[in-house]
Amino acid sequence: MRLKAFVTTLVAAVVIVLLCGAPAQAHVRTTSVAIDLRSHGDGVSAVVDVEYDVLGKLLSLDGLSSNTGLPSPDGTVADVPTDTRRKALDAHATEVAAYVGGRVRLSRGAIGCTPEDDHRVELTDAGAVRVSLTYDCPASGAFTVRSNIFRASDGVVDDTTTKVAYDVDGHRGAALLDLAHTSVTVGHTDLLSEIPRLVRLGSEHLLFGLDHVLFLLALLLGANRLRDVVQVASAFTLAHSVTLVLAAIGWISAPTWIVEPLIALSIAFVAIDNLLSPRAAHRLPVVFGFGLLHGLGFAGALSVDGQLSVSTLVDLVSFNLGIELAQLTIIAVAFPALLFLRRAATTPAAARTLTLGTVAATLAVAGSGLVWFVERSPLLT
């Protein structure tokens with residue numbers, strides 16, 4: 001029995017060390033880019049939307065020339081007035097268009113398209129930088145688009161997801177690009193070929209987002225039976241799936257500076273609730289409500305432009321499937337381990353040790369959530 005008590009104490013200590021050693025950076029810094037392509041004769045128009053704060057840091061725009069307004073490692077950004085951003089874009093329009101035009105390359109066959117001098121740079125109502133470009137392309141050959149906007153070597157983000165929507169040469173559809181896959185050839189993209197990459201993207205977004213993982217662990221620490229796990233997992237899945245789809249297609253939206261702090265607060269709330277109300281009947285409604293928030297966070301990695309279509313639905317379902325697979329993996333590993341430790345604690349001493357370890361791990365999870373809440377809240381930092 002002393003060995004079992006030692007094992008449970010050791011596991012609790014490892015959990016505490018890992019949680020305390022992982023500071024406020026819950027996310028790898030990521031950004032998304034949207035490219036809309038339309039052909040007209042020998043020409044192709046491209047409308048590119050990028051995140052202002054990332055572009056501003058890279059090009060040292062006036063509104064982001066100091067620490068004010070720069071994205072911090074956890075993604076929080078101090079408020080920069082819209083007028084300041086518009087003036088910065090007006091002053092650097094040529095530089096912005098040159099950067100985007102140089103990183104978005106189009107070609108037909110082996111011949112590259114030539115960007116024309118005509119361009120437009122503006123700030124959208126959603127706060128993104130929109131760059132409209134026109135390319136002169138040869139009239140024949142397979143059409144290929146390659147995007148290297150915000151490469152890792154630029155030093156401003158760790159990962160970039162680019163959603164390409166196209167209506168070129170009678171081909172309509174969408175493709176997802178990332179740092180490992182920077183190009184797509186129109187007419188040669190199979191709808192089913194995108195599914196594995198979108199599933200992987202969804203899985204990585206959950207697994208590499210430590211705040212989402214800790215939220216799941218907090219739910220598992222408060223579950224005593226498999227039935228409890230099924231109920232909270234189902235509520236969380238349903239809720240985040242709804243807001244993920246609605247936010248990705250643009251039907252709902254919420255500022256990141258509101259969503260991210262609340263996601264962090266949800267971690268602390270669930271963890272503390274495990275200690276104060278272990279058998280509370282309000283658990284499912286609370287989990288569902290917080291799941292809606294986490295869905296908005298998931299949607300930040302995948303945006304959809306244009307009308308809802310079959311390819312769009314396949315993209316969203318595949319991405320969400322990746323999230324669910326990662327979630328099930330965490331549950332399949334963590335909950336049986338918790339059950340084993342609980343059943344192994346058959347003596348009073350082992351039970352006390354397990355209880356203390358569970359409380360310590362729960363407090364560590366809650367503490368991480370509170371730290372992230374403070375660091376992500378613009379009004380508190």
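In what follows, residues are counted from 1 in the order of the sequence shown.
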Inset, instruction - With the side chain counted from C-beta on, respond yes when V44 and R38 share a heavy-atom pair under 4.5 Å apart, and no when they do not. - result: no
Legend entry - Donor on one side chain, acceptor on other, T31 and E51, under 3.5 Å: yes
Inset, instruction - Taking the side chain as every heavy atom from C-beta outward, state whether C113 and D136 have any atom pair closer than 4.5 Å. - result: no
Inset, instruction - Return the minimal non-hydrogen interatomic distance between V131 and A97, and the atom names on each side. - result: CG1-CA, 4.1 Å
Legend entry - Hydrophobic cluster membership, L179 vs V164, 4.5 Å side-chain cutoff: no
Inset, instruction - With the side chain counted from C-beta on, respond yes when L133 and P115 share a heavy-atom pair under 4.5 Å apart, and no when they do not. - result: no
Inset, instruction - Inspect the surroundings of CZ in R151 and state if more than 12 heavy atoms from other residues, nucleotides or ligands are less than 6.0 Å away. - result: yes
Legend entry - Pairwise distance CZ(F288) to CZ(F236) - rounded to 0.5 angstrom: 11.5 Å
Legend entry - Separation between NE2 of H240 and CG of L238, rounded to the nearest 0.5 Å: 9.0 Å
Legend entry - Minimum heavy-atom distance V259-G297, with the two atoms named: CG1-N, 4.1 Å
Legend entry - Cationic N near anionic O, under 4.0 Å, R376 to D211: yes
Inset, instruction - For the residue pair L176 and T161, establish whether any side-chain heavy-atom pair is separated by less than 4.5 Å. - result: yes
Inset, instruction - Step by step, work out the side chain to side chain contact (heavy atoms under 4.5 Å, CB included) result for Y52 and L89. - result: CA-CA 9 Å; Y52 179 93; L89 287 178; 3.9 Å; yes
Legend entry - Inter-residue atom distance L123.CG - R130.CZ, 0.5 Å rounding: 10.0 Å
Inset, instruction - Determine, using the 4.5 Å side-chain heavy-atom cutoff (strictly less than), whether V333 and F340 are members of one ILVMFWY cluster. - result: no
Inset, instruction - Please check if any side-chain donor atom of S266 sits under 3.5 Å from a side-chain acceptor atom of H294, or the reverse. - result: yes
Inset, instruction - Using distance alone, with no hydrogens and no angle criterion, decide if T237 and Q327 have a side-chain donor and acceptor under 3.5 Å apart. - result: yes
Legend entry - Where I331 and A233 come nearest, the two heavy atoms and their spacing: CD1-CB, 3.9 Å
Inset, instruction - Might you point out which heavy atoms bring Y166 and A174 nearest each other, and give the distance in Å? - result: CE2-N, 3.7 Å
Legend entry - Heavy-atom side-chain contact between T243 and F298 under 4.5 Å: no
Legend entry - N-O pairing of D90 and K87 below 4.0 Å: no
Inset, instruction - Supply the atom-to-atom distance F373 CZ to L265 CG, rounded to the nearest 0.5 angstrom. - result: 5.0 Å
Legend entry - Stepwise side-chain hydrogen bond (donor to acceptor under 3.5 Å, both in side chains) test for S183 and T144: CA-CA 7 Å; S183 67; T144 299; over 6 Å; no
Inset, instruction - May I ask you to test the V157-T30 pair for a side-chain heavy-atom distance under 4.5 Å? - result: no
Inset, instruction - List the atom of S241, the atom of E324, and the distance in Å for their closest heavy-atom pair. - result: OG-OE2, 4.0 Å
Legend entry - L276 side, atom CG; F269 side, atom CZ - distance, nearest 0.5 Å: 9.0 Å
Inset, instruction - Tell me yes or no: between the side chains of T362 and N274, is some donor less than 3.5 Å from an acceptor? - result: no
Legend entry - Side chain proximity check, L210 to W372, heavy atoms < 4.5 angstrom: yes
Inset, instruction - May I ask you to decide whether D83 forms a salt bridge with R85, counting only side-chain N to carboxylate O separations under 4.0 Å? - result: no
Legend entry - Partners meeting salt bridge (Lys or Arg N to Asp or Glu O under 4.0 Å) with E95 (sequence neighbours left out): none
Legend entry - Atom of A268, atom of A366 and distance for their closest heavy-atom approach: CB-O, 3.6 Å
Legend entry - Separation between CD1 of I35 and CG of L177, rounded to the nearest 0.5 Å: 7.0 Å
Inset, instruction - Measure from the side-chain N and O atoms of R103 to the backbone N and O of N148, and report whether any donor-acceptor pair falls under 3.5 Å. - result: yes
Legend entry - Distance-only side-chain donor-acceptor flag, T182 / R146, under 3.5 Å: yes
Inset, instruction - Using the side chain to side chain contact (heavy atoms under 4.5 Å, CB included) rule, take T160 and I149 through it: C-alpha gap first, then chi angles, then the decisive distance, then the call. - result: CA-CA 8 Å; T160 302; I149 296 178; 5.6 Å; no
Inset, instruction - For L58 and Y99, run side chain to side chain contact (heavy atoms under 4.5 Å, CB included): C-alpha distance rounded to whole Å, both residues' side-chain angles, the deciding distance at 0.1 Å, then the answer. - result: CA-CA 10 Å; L58 178 64; Y99 171 78; 3.3 Å; yes
Legend entry - Same apolar cluster: L106 and V47, side chain cutoff 4.5 Å: no
Inset, instruction - May I ask you to test the F150-L55 pair for a side-chain heavy-atom distance under 4.5 Å? - result: yes
Just distance, no hydrogens or angles: give the donor-acceptor pairs under 3.5 Å from side chains in residues 216-223, sequence neighbours left out.
none

Inset, instruction - State whether R200 and D178 are salt-bridged, where the test is any N-O pair (Lys NZ or Arg NE/NH1/NH2 against Asp/Glu carboxylate O) under 4.0 Å. - result: yes
Legend entry - Same apolar cluster: L328 and L338, side chain cutoff 4.5 Å: no
Legend entry - side chain to side chain contact (heavy atoms under 4.5 Å, CB included) between L214 and S368, intermediate numbers included: CA-CA 9 Å; L214 286 191; S368 298; 4.0 Å; yes
